[in-house]
Amino acid sequence: MNPTDEAAAGRFNAKAAEAFALFTRPTGRAKVGAGDRALIERAEKGQLTLDGTDVATYRWGDGDRPVVLVHGWGSCAARLANLATALHESGHSVLAFDLPGHGESGGELTTIVQCRDIIRELQGQYGPFSALVGYSFGSLCSFFALREGVKAEALVGIAGVSRFDHLVSGFRDTLGLSAELEVELRRRLENDLFPGEPDIWERFASPYAPEQIDLEQILLIHDEGDEIADVHQARETAEAYGDRAELVITQGLGHHRIVAAKETVSQVVAFLQGLGGLAAPTP
């Protein structure tokens with residue numbers, strides 16, 4: 001390799017490394033408003049350890065079959081405090097956690113596999129769940145966890161990303177990556193981030209193998225104007241699950257405001273209350 005080619009290869013590798021780091025690591029910790037912070041302070045705080053990383057957990061109530069809330073990328077459990085409080089007040093026990101690199105948890109890097117493993121750990125501690133409620137990236141993680149052995153009676157996906165591939169494509173468009181850099185990023189994700197995980201572009205998708213998810217009640221809530229996860233992602237997920245999925249399309253809430261909006265919280269509470277009393281009331 002001549003010096004010119006070697007320099008070009010070095011620049012390419014540096015750009016690829018930077019893109020990989022940006023894709024896999026949240027950029028800073030989410031800011032939490034005073035209202036959400038006050039609500040999260042009402043929770044019983046705990047901690048579990050995943051591969052040497054401390055993961056902050058939150059619990060409202062101590063009944064059986066809790067509802068588990070899974071936050072989105074760059075967010076934290078406190079952003080779901082409004083939903084957690086409403087569910088608890090309606091009679092559900094609720095669990096939530098901060099992903100590694102988010103909120104009060106340690107670490108810098110987080111993946112869909114780590115999220116699955118955290119949910120599995122919570123299941124080992126608290127037993128099967130009445131429902132998983134995932135927001136954005138958390139919705140994608142929830143589908144994957146259910147396909148990988150987690151047990152629940154129902155699933156709610158709010159502003160859900162439907163495919164891991166969409167995350168990469170959106171990242172590519174945001175950063176203006178060249179086709180060559182995208183190919184290299186995908187290679188690094190397959191080989192470096194998920195070694196030993198086959199077929200990640202298929203398996204890390206909400207519509208993949210719906211027959212492997214053994215539940216009959218799925219609620220999907222998505223805004224028509226979602227600027228992060230286009231509404232077609234919710235539609236393709238709903239189509240994959242057929243009669244098992246109910247799709248609610250909102251207007252004017254976008255990707256970020258939808259999760260705490262009163263209409264969303266009301267819809268989630270009503271949906272879970274209508275499942276035949278799956279959650280045990282808290283004292």
Asp98 versus Tyr58, side-chain donor and acceptor atoms under 3.5 Å: yes

Flag, side chain of His102 to backbone of Thr110, donor-acceptor distance under 3.5 Å: no

Take Glu153 and Ser130, measure what side-chain hydrogen bond (donor to acceptor under 3.5 Å, both in side chains) needs, and give me the verdict at the end. CA-CA 5 Å; Glu153 299 288 346; Ser130 62; over 6 Å; no

Calculate, to the nearest 0.5 Å, the distance between atoms CD and OG1 belonging to Gln114 and Thr111 respectively. 4.0 Å

Look at the side chain of Thr174 and the backbone N and O of Gly170, then say whether any donor-acceptor pair between them is shorter than 3.5 Å. yes

Can any side-chain N or O of Ser139 pair as donor or acceptor with the backbone N or O of Tyr135 at less than 3.5 Å? no

Say you draw a straight line from CG of Leu219 to CG of Leu155; how long is it, rounded to the nearest 0.5 Å? 9.0 Å

Between the side chain of Arg120 and the main-chain N/O of Glu148, is any donor-acceptor distance below 3.5 Å? yes

So, does Thr53 use its side chain to make a donor-acceptor pair with the main chain of Gly107 at under 3.5 Å? no

Start with the C-alpha distance between Val133 and Val68, add both sets of side-chain angles, then the distance that settles side-chain contact (heavy atoms from CB on, under 4.5 Å), and finish with yes or no. CA-CA 6 Å; Val133 179; Val68 178; over 6 Å; no

Within the side chain of Thr85, is there an N or O that forms a donor-acceptor pair under 3.5 Å with the backbone of Asn82? no

Sidechain-backbone polar pair: Thr250 side chain, Leu253 backbone, donor-acceptor under 3.5 Å: no

Hey, what do you get for CG (Asp51) to CG (Asp117), rounding to the nearest 0.5 Å? 7.0 Å

Using only atom types and a distance under 3.5 Å, with no angle test, would you say the side chain of Arg187 pairs donor to acceptor with the backbone of Asp192? no

Taking only residues two or more places apart in sequence, or in another chain, which ones meet His256 in a ring pair (Phe, Tyr, Trp, His ring centres under 6.0 Å)? none

Does Ala131 have any side chain to side chain contact (heavy atoms under 4.5 Å, CB included) partners at least two apart in sequence or in another chain, and if so, which? Val67, Ala154, Leu272

Val32 and Val94: same hydrophobic cluster, using ILVMFWY side-chain contacts below 4.5 Å? no

Can you check salt bridge (Lys or Arg N to Asp or Glu O under 4.0 Å) on Arg163 and Glu236, steps first, answer last? CA-CA 10 Å; Arg163 297 180 183 274; Glu236 72 165 347; 3.1 Å; yes

Which residue pairs pass the ring pair (Phe, Tyr, Trp, His ring centres under 6.0 Å) test when at least one of the two sits in residues 229-254, sequence neighbours left out? Phe143-Tyr241, His166-His232

hydrophobic_cluster_shared for Ile200 and Val183, side chain cutoff 4.5 Å: no

Which is it for Asp223 and Arg257 under the salt bridge (Lys or Arg N to Asp or Glu O under 4.0 Å) test, yes or no, and what are the steps along the way? CA-CA 10 Å; Asp223 194 74; Arg257 287 184 293 122; over 6 Å; no

Can you confirm whether Arg235 sits close enough to Leu247 that some side-chain heavy atom of one is under 4.5 Å from a side-chain heavy atom of the other? yes

Are the side chains of Phe20 and Leu189 in contact, using a 4.5 Å heavy-atom criterion? yes

Measuring from Leu167:CG to Trp73:CH2, what's the distance to the nearest 0.5 Å? 8.5 Å

Once the angle between the rings of Phe164 and Phe23 is folded into 0 to 90°, is it parallel (under 30°), tilted (30 to 60°) or perpendicular (over 60°)? perpendicular

Smallest heavy-atom separation, Gln267 atom then Ile221 atom, equals OE1-CD1, 3.6 Å

Side chain proximity check, Ile40 to Trp60, heavy atoms < 4.5 angstrom: yes

In terms of hydrophobic clustering (I, L, V, M, F, W, Y; side-chain heavy atoms under 4.5 Å; direct or indirect links), are Phe194 and Val161 co-clustered? yes

Heavy atoms only: give me the nearest Gly254-Glu227 pair and the separation to one decimal. CA-OE1, 3.6 Å

Spatial distance of atom CG (Leu48) from atom CG (Leu122) [nearest 0.5 Å]: 5.5 Å

Thr237 to Ser206 - nearest heavy-atom pair and separation: OG1-CB, 3.8 Å

Under 4.5 Å between any side-chain heavy atoms of Pro207 and Glu239, yes or no? no

Would you say CG of Asp173 has more than 12 non-hydrogen atoms from neighbouring residues, nucleotides or ligands within 6.0 angstrom? yes

Interatomic distance, Asp226 atom CG to Ile158 atom CD1 [nearest 0.5 angstrom]: 12.0 Å

Correct closest heavy-atom pair for Cys115 and Val70 would be SG-CG1, 3.6 Å

Within the 4.5 Å heavy-atom criterion, are Arg244 and Pro210 side-chain neighbours or not? yes

For the side chain of Arg116 and the backbone of Leu146, is there at least one donor-acceptor N/O pair under 3.5 Å apart? no

Kindly indicate whether the side chain of Ile119, heavy atoms from C-beta on, has any atom under 4.5 Å from the side chain of Gln123. no

Check whether any side-chain heavy atom of Leu69 sits under 4.5 Å from a side-chain heavy atom of Phe97, and report yes or no. no

Can you confirm whether Phe171 sits close enough to Glu182 that some side-chain heavy atom of one is under 4.5 Å from a side-chain heavy atom of the other? no

Keeping the roles fixed (side chain from Arg203, backbone from Glu197), state whether a donor-acceptor pair exists under 3.5 Å. no

Check the pair Glu184, Arg172 against salt bridge (Lys or Arg N to Asp or Glu O under 4.0 Å), reporting the backbone distance first and the verdict last. CA-CA 12 Å; Glu184 176 62 13; Arg172 173 203 64 204; over 6 Å; no

Common cluster, Ile118/Val150, ILVMFWY with side-chain heavy-atom separation under 4.5 Å: yes

Parallel, tilted or perpendicular: rings of Phe144 and Phe204 (30°, 60°): perpendicular

Here the pair of heavy atoms bringing Ser142 nearest to Gly134 is OG-CA, 3.8 Å

Heavy-atom pair of closest approach, residues Ser93 and Gly63: OG-N, 2.5 Å

